[in-house]
Amino acid sequence: MGIVWCDGKFVSEEEFTVSPMDRGLCHGLSLFETLLAVKGKPRLVREHLARLRSGLERLGVNSVELDENGLGLAMVTLLERNGLAKGVARIRL
């Protein structure tokens, strides 16, 4: 099974749950970015986060902080923990 990163913590897929009251689940509210990672390194992180910030602003969401360094490290660690530090992988934020 895989590892996911949620609320600043790495958890197993089995531990990752979504509340049935989650607005994204109940109302289809969502925003995401998909990044390419090559040899354990996410590509175009700055550009993806800029687009994600823009989408958050359009939705009026101001409670989410996107720290480029922290997210970059989390993505690299997530790739390593899932055995995806080599080759090509997809990361969805």
Side-chain angles (χ1 to χ4, degrees):
M1 289 274 121
I3 303 293
V4 296
W5 189 69
C6 179
D7 294 331
K9 294 180 249 172
F10 293 97
V11 296
S12 69
E13 285 182 50
E14 296 85 18
E15 294 174 281
F16 177 72
T17 60
V18 176
S19 166
M21 301 308 292
D22 181 87
R23 290 180 53 95
L25 180 65
C26 292
H27 303 288
L29 300 175
S30 65
L31 180 64
F32 65 91
E33 278 291 314
T34 303
L35 292 82
L36 171 68
V38 179
K39 297 181 182 176
K41 294 182 182 173
R43 302 296 178 137
L44 302 171
V45 173
R46 185 175 292 125
E47 291 83 352
H48 282 285
L49 292 183
R51 190 167 44 220
L52 195 57
R53 280 186 191 99
S54 176
L56 289 168
E57 287 174 15
R58 285 183 181 169
L59 292 174
V61 176
N62 56 14
S63 60
V64 177
E65 184 178 327
L66 300 175
D67 172 42
E68 186 176 324
N69 294 325
L71 282 172
L73 177 59
M75 288 186 273
V76 169
T77 304
L78 187 63
L79 290 164
E80 290 172 357
R81 288 188 176 200
N82 281 291
L84 299 170
K86 295 180 181 176
V88 177
R90 176 179 59 223
I91 301 171
R92 189 169 299 125
L93 293 175

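Excluded from the calculations below are hydrogen atoms, water molecules and symmetry mates; all remaining heavy atoms, backbone and side chain alike, are included.
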(request) Examine Ile3 and Val76 and state if one hydrophobic cluster contains both, with Ile, Leu, Val, Met, Phe, Trp and Tyr joined whenever side-chain heavy atoms are less than 4.5 Å apart. (result) no
(request) Kindly say whether Gly2 contributes a backbone atom to a donor-acceptor pair with the side chain of Glu13 at under 3.5 angstrom? (result) yes
(message) Quick check for you: to the nearest 0.5 Å, what is the distance between His48 atom NE2 and Ile91 atom CD1?
(response) 9.5 Å
(request) Locate the shortest heavy-atom distance separating Cys26 from Pro20; write the atom from each residue and the value. (result) SG-O, 2.9 Å
(message) Working to the nearest 0.5 angstrom, can you tell me the gap between Glu65 CD and Arg53 CZ?
(response) 9.0 Å
(message) Would Leu35 and Leu44 count as a side chain to side chain contact (heavy atoms under 4.5 Å, CB included) here? Give the steps.
(response) CA-CA 8 Å; Leu35 292 82; Leu44 302 171; over 6 Å; no
(message) To the closest 0.5 Å, what do you measure between CH2 (Trp5) and CG (Asn82)?
(response) 14.0 Å
(request) Determine whether Phe10 and Met75 fall in the same hydrophobic cluster, where Ile, Leu, Val, Met, Phe, Trp and Tyr are linked whenever their side-chain heavy atoms lie under 4.5 Å apart. (result) yes
(message) Treating Arg90 as the side-chain partner and Thr34 as the backbone partner, does any N or O pair qualify as donor plus acceptor under 3.5 Å?
(response) no
(message) Using every non-hydrogen atom in the two residues, find where Ser30 and Leu59 come nearest and quote the distance to one decimal.
(response) O-CD1, 4.3 Å
(message) Distance check, rounded to the nearest 0.5 Å: Lys41 atom NZ versus Leu36 atom CG?
(response) 13.5 Å
(message) Quick check for you: to the nearest 0.5 Å, what is the distance between Lys86 atom NZ and Leu84 atom CG?
(response) 12.0 Å
(request) Rounded to the nearest 0.5 Å, what's the gap from CG on Leu66 to CG on Leu93? Could you check? (result) 8.0 Å
(message) Please tell me whether Val4 and Val18 are part of a single hydrophobic cluster in this structure, the criterion being side-chain heavy atoms less than 4.5 Å apart.
(response) yes
(request) Mind running side chain to side chain contact (heavy atoms under 4.5 Å, CB included) on Arg58 and Leu31 for me, showing each step along the way? (result) CA-CA 10 Å; Arg58 285 183 181 169; Leu31 180 64; over 6 Å; no
(message) Same cluster or not: Val61 versus Leu71, using hydrophobic residues (I, L, V, M, F, W, Y) connected whenever any side-chain heavy atoms lie under 4.5 Å apart?
(response) yes
